[in-house]
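Remember, predicted model here, so these are calculated numbers, not experimental data. In what follows, every heavy atom counts, from backbone to side chain, and hydrogens, waters and symmetry copies are set aside.
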Amino acid sequence: MPIDLGNPAGEDSMSLEQYVRAVDDSGYDLTRHEDLIASAPLLRKLANNKSFVIERMFDELRSQLRFQANNIYAPEVLLLHSTKDYFIRANIWKPISAAEETIPEYQYDVCHDHNFDILTVGYLGLGYSCRSYTYDRTAYEGRLGEVVALADDGLFSLANGQVALYRAKEDVHIQLPPDEISVSLNLIPRAPVQNEMQFQFHEDSGAICRYLNFSGLEAAIRVADVMRSRECADALVRIGNGHPSARVRALALTAQIHIDADRADQILADVAAHQSETVKYLVGLELAGDGSTV
């Protein structure tokens, strides 16, 4: 279950600009849970400002074609600020619509972890609830079908003004639809853990059933692979040899095998000799046509 930090501040509020300045000047190392937790009162003060998200949306809406131009997330996510060390976003949680209620076996969310920490606060609406679990990432290889012991932590609810910390590759949850539209604010550090894969689990069995992270770089590598583009050959070699994400390295190596078929055996031999077991496994999945990612 995420760490419940309660309501760590009073009625003081601050603007987004003041919040960013306070975080930047604080000296906090946001890759450390202790420092993220220490920064919670600042996020709570930002959440006391009940106008800035709407003002930001309306300002961008007036720009029409520029609306959330740098946002790679779903429409329910608004990117508010981004630096090399962290980014800030607003998540909009919608109730199930009448149309969605008619869909057989409709799922509002899937059981998943995150490959980044999330310091979050309830901002607007009644908030949301989720079924929560924890697991020990170090005890598993992370292969599809691998059964993970998910410790059932019960139901967690994030109310308006409440702050909580979701821990990367430790907390697992499945979001439940809120009773009314609600918004939460998130502070998300950029950290090496983001190079790990994000898992979807079968909630009943705990088996890893899918890899969820899908970045713009992954999409570009897949396009180069499908197009058999030799123009990208040098870049694929660099990515395959040195990218910090095992997933991205595996995709680049698979693309090299497809594009440079004459050297496929040599590339596979190099993978066997020099790459980690995770990369070897992922290359095998890709070559078998079962990358299992979205």
Side-chain angles (χ1 to χ4, degrees), residues 1-16 19 36 40-62 67-68 71-81 87-114 116-133 152-167 171-188 198 200-201 203 212 294:
M1 181 178 288
I3 300 174
D4 185 354
L5 301 176
N7 188 333
E11 298 302 315
D12 292 342
S13 68
M14 58 172 52
S15 67
L16 178 61
Y19 174 74
L36 268 177
L42 297 176
L43 188 62
R44 179 63 179 88
K45 289 179 180 179
L46 179 64
N48 283 339
N49 182 339
K50 298 302 183 184
S51 62
F52 84 96
V53 171
I54 299 299
E55 291 170 357
R56 175 67 170 269
M57 288 176 61
F58 287 177
D59 284 345
E60 294 198 15
L61 189 59
R62 294 185 189 101
F67 182 80
Q68 288 287 292
N71 186 1
I72 63 171
Y73 294 95
E76 294 83 6
V77 176
L78 297 174
L79 185 64
L80 300 173
H81 184 77
F87 58 98
I88 305 164
R89 71 185 189 184
N91 278 59
I92 302 170
W93 308 103
K94 301 181 297 182
I96 290 182
S97 68
E100 289 166 339
E101 288 180 339
T102 66
I103 300 173
E105 300 182 12
Y106 172 77
Q107 281 189 292
Y108 184 82
D109 192 18
V110 296
C111 187
H112 64 284
D113 66 3
H114 287 282
F116 45 80
D117 293 323
I118 305 174
L119 186 69
T120 187
V121 61
Y123 180 61
L124 293 173
L126 295 176
Y128 64 76
S129 296
C130 57
R131 294 196 293 273
S132 299
Y133 307 87
D152 188 347
D153 294 328
L155 196 68
F156 173 76
S157 298
L158 186 77
N160 196 324
Q162 182 181 355
V163 183
L165 174 63
Y166 286 88
R167 295 158 294 181
D171 289 307
V172 174
H173 64 280
I174 180 167
Q175 208 83 12
L176 304 178
D179 293 330
E180 66 177 32
I181 192 166
S182 297
V183 179
S184 59
L185 303 179
N186 298 334
L187 171 64
I188 300 176
Q198 184 182 1
Q200 177 184 338
F201 303 88
E203 191 175 8
L212 293 177
V294 295

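- The two residues Val183 and Ala90 have their closest heavy-atom pair at CG1-CB, 4.1 Å.
- Lys94 places no side-chain N or O within 3.5 Å of a backbone atom of Pro177 that could act as its donor or acceptor partner.
- Looking only at side-chain heavy atoms (C-beta outward), Phe116 and Phe87 stay at 4.5 Å or farther from each other.
- Residue Asp179 places its CG atom among 12 or fewer non-hydrogen atoms of other residues, nucleotides or ligands, all under 6.0 Å distant.
- Of all the heavy atoms in Leu5 and Ala40, the pair that sits closest is CD1-CB, 3.9 Å.
- Taken to the nearest 0.5 Å, the CG atom of Asn91 stands 4.5 Å off from the OG atom of Ser184.
- When all heavy atoms are compared, the tightest approach of Val163 to Asp4 is O-OD1, 3.7 Å.
- Here the CG-CD1 distance, from Leu124 to Ile181, works out to 9.5 Å after rounding to the nearest 0.5 Å.
- The ring-ring contact (aromatic ring centres under 6.0 Å, His included) test with Trp93 is passed by exactly one of Tyr108, Tyr128, Tyr123: Tyr128.
- Closest approach of Ile88 to Leu16, counting heavy atoms only: CD1-CD1, 4.1 Å.
- For the atom pair Cys111 SG and Arg131 CZ, the distance stands at 8.0 Å (nearest 0.5 Å).
- Heavy-atom minimum distance, Gln175 versus Cys130: CA-CB, 3.9 Å.
- In this structure, the separation between CG on Leu36 and CD1 on Ile188 is 10.5 Å, given to the nearest 0.5 Å.
- Below 30°, between 30° and 60°, or above 60°: for Tyr166 and Phe156 the angle between ring planes is above 60°, a perpendicular geometry.
- Under a 3.5 Å cut-off, the side chain of Glu180 and the backbone N or O of Pro95 do not form any donor-acceptor pair.
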Inset, instruction - Determine, stepwise, if the pair Arg167 / Asp117 fulfils side-chain contact (heavy atoms from CB on, under 4.5 Å). - result: CA-CA 5 Å; Arg167 295 158 294 181; Asp117 293 323; 4.2 Å; yes
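- Between the CE atom in Met1 and the CG atom in Asp152 there is a gap of 8.5 Å [rounded to 0.5 Å].
- A pairwise comparison of heavy atoms in Ser15 and Asn49 identifies CA-ND2, 3.6 Å as the closest pair.
- With a 4.5 Å cut-off on side-chain heavy atoms, Leu176 and Leu155 count as touching.
- No donor-acceptor contact under 3.5 angstrom links the side chains of Glu11 and Asn48, judged on distance only.
- Atom-to-atom distance recorded for Leu119:CG and Arg44:CZ is 12.5 Å, nearest 0.5 angstrom.
- You'll find the ring centres of Tyr19 and His81 outside the 6.0 Å limit.
- Here the side chain of Asp113 pairs no donor or acceptor atom with the backbone of Val172 at under 3.5 angstrom.
- Between Asp171 and Ile118, every side-chain heavy-atom pair lies at or beyond the 4.5 Å cut-off.
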